[in-house]
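The structure appears below as structure tokens.
Per chain, numbering begins at 1; letters A, B, ... match sequence-line order. Below, all heavy atoms of this structure are taken into account, side chains as well, without hydrogens, waters or symmetry copies.
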Amino acid sequence: MSEPPSLLDMPDIPLDMILGGLGFKEIQVLRKVNRNLREHIDDTQPEGDLTTITMHQDDKSFYVELQSNNSTYTVEYKKKDSGCQVKHAGKKHKVSADYITRAFKDLQLLLNHQHNIRFVFLHGIRGLSPAKYFTKECGIGILRVDRRSAFTLNLCRDYRQIWPLIEAVEKMTKVDHVYVKQDVSRIAEFVLDYVSDANWKSKL
Amino acid sequence: MSVEPEVPIVQVEEVRENPVLYKIISSDNHVFTISEHAVKLSKTLWDLITNLGLTAENALDNPIPVENVNGKNMETIVQFCERHKYDEEEPEYTNYIREFVLPEWDRQLLSIDNEELFQLILATNYLDIQKLMDYCCRVIGDMAKDKTPEELRIIYGIPTDAEDDALERSASDSPGPSG
């Protein structure tokens, strides 16, 4: 009797075509199925369908909202004892890492499979330097963003964080536009000058 | 004054009604007839036909054996190629057109069980039929929507890490050719 067919027995070309047609959620689920498949996905980095990532923070939690063409998913990373609780789609599980570190680690994994993200929004991120996380934790992912992409960094507080952010994003030389919205108008003006494409600005 | 070149005018419909036909023999000795426009969708078959120098005159007398594809898959492939032989050529296939909806005719053709679909993909990969490969892969990919890792393991026939490890151990324990 012959063995039932397995996705892992597929030659590379059809396997990569199948993976390339999946959404970011399915890719993340598939990574959990099997070590060999996970290694293949991490090696080939199939493109996901994520378009926008929005992050925001309150006193105890860090939220990452992931938006694709058809769906929106929210993941909550909540401080819990010495670690954190990750909540998604009504399911919770505890991990030992710090909640922000864990959020950015997950984000890095996601960005490895997202070459077409148009916008990254940061809302009310305070008490930490997102630039530090982006450059150290998510550098690989963000460097993959192509020239059509844009970042909107929406910081509600502590405008001084804008400078290291701009510095960090400038290092991502493939990014065309950096757009920072801030309550402090003069900072906003400076950043609007920084954006060269007037048509792009009008789309926001 | 311009002179019209004396080129015979061939109506498209006329070509469609008098196609050049080729014969293909599957691995289990089933014989299929396929038109020239349809067989061109398979890069492998068309390269073979070109290299063998088959023409309209000798094509039917020289059937092409295809050892890697059985009759069942070949039947599906011939149906697909005949159906799509006059499709406009796509500029470049990309998986990133996610809004794509599989046409109803093709959806029905590919409504087969997983094992058959996997075998069809292997045959399509061998015959290098880009469009059919793309459609099959979309059908396989659609199965993953809203599934858990455990459900995907069953659907896609993927072993657990423990099963993989056991397989590797048994492979390393078994004697080699000289053992």
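- For a residue to count as touching a neighbouring chain, one of its non-hydrogen atoms must lie under 4.5 Å from one of that chain's; by this rule A:I13 touches chain B with the side chain only.
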>> Run A:L37 and B:Y156 through side-chain contact (heavy atoms from CB on, under 4.5 Å) and show every step you take.
In response: CA-CA 11 Å; A:L37 192 55; B:Y156 289 152; 6.0 Å; no
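- Contact tally against chain B (heavy-atom pairs below 4.5 Å) for A:V33, A:L30, A:L8: the top residue is A:V33.
- Interface remark: B:K145 contributes backbone and side-chain atoms alike to the contact with chain A (heavy atom separation under 4.5 Å).
- When all heavy atoms of A:R35 and B:D165 are compared, the pair lying nearest together is NH2-OD1, 2.6 Å.
- Looking at B:D142, there are no atoms closer than 4.5 Å to chain A (heavy atoms on both sides), in backbone or side chain.
- Taking both residues in full, the closest heavy atoms of B:L122 and A:P11 are given as CD2-CD, 3.3 Å, listed atom of the first, atom of the second, then distance.
- In this structure, A:E26 and B:A144 approach most closely via the heavy-atom pair CG-O, 3.5 Å.
- Note that the CE atom of A:M17 and the CD atom of B:Q130 stand 5.0 Å from one another [nearest 0.5 Å].
- Taking OG of A:S6 as the start and CZ of B:R153 as the end, the distance is 10.5 Å to the nearest 0.5 Å.
- Separation of atoms CD1 (B:I121) and CG (A:D9) is listed at 12.0 Å; rounding is to 0.5 Å.
- Looking at every heavy atom in both residues, B:G141 comes nearest to A:L22 through O-CD2, 3.4 Å.
- At most 12 non-hydrogen atoms from other residues, nucleotides or ligands lie less than 6.0 angstrom from NZ of B:K72.
- Heavy-atom contacts from other residues, nucleotides or ligands closer than 6.0 Å to NZ of A:K92 number 12 or fewer.
- Side-chain atoms of B:D161 never come within 3.5 Å of backbone atoms of A:N34 as a donor-acceptor pair (strictly under, hydrogens ignored).
- Heavy-atom distances place no part of A:L15 under 4.5 Å from chain B, backbone and side chain included.
- Chosen from B:T160, B:T148, B:I158, the residue pairing most often with chain A at heavy-atom distances under 4.5 Å is B:I158.
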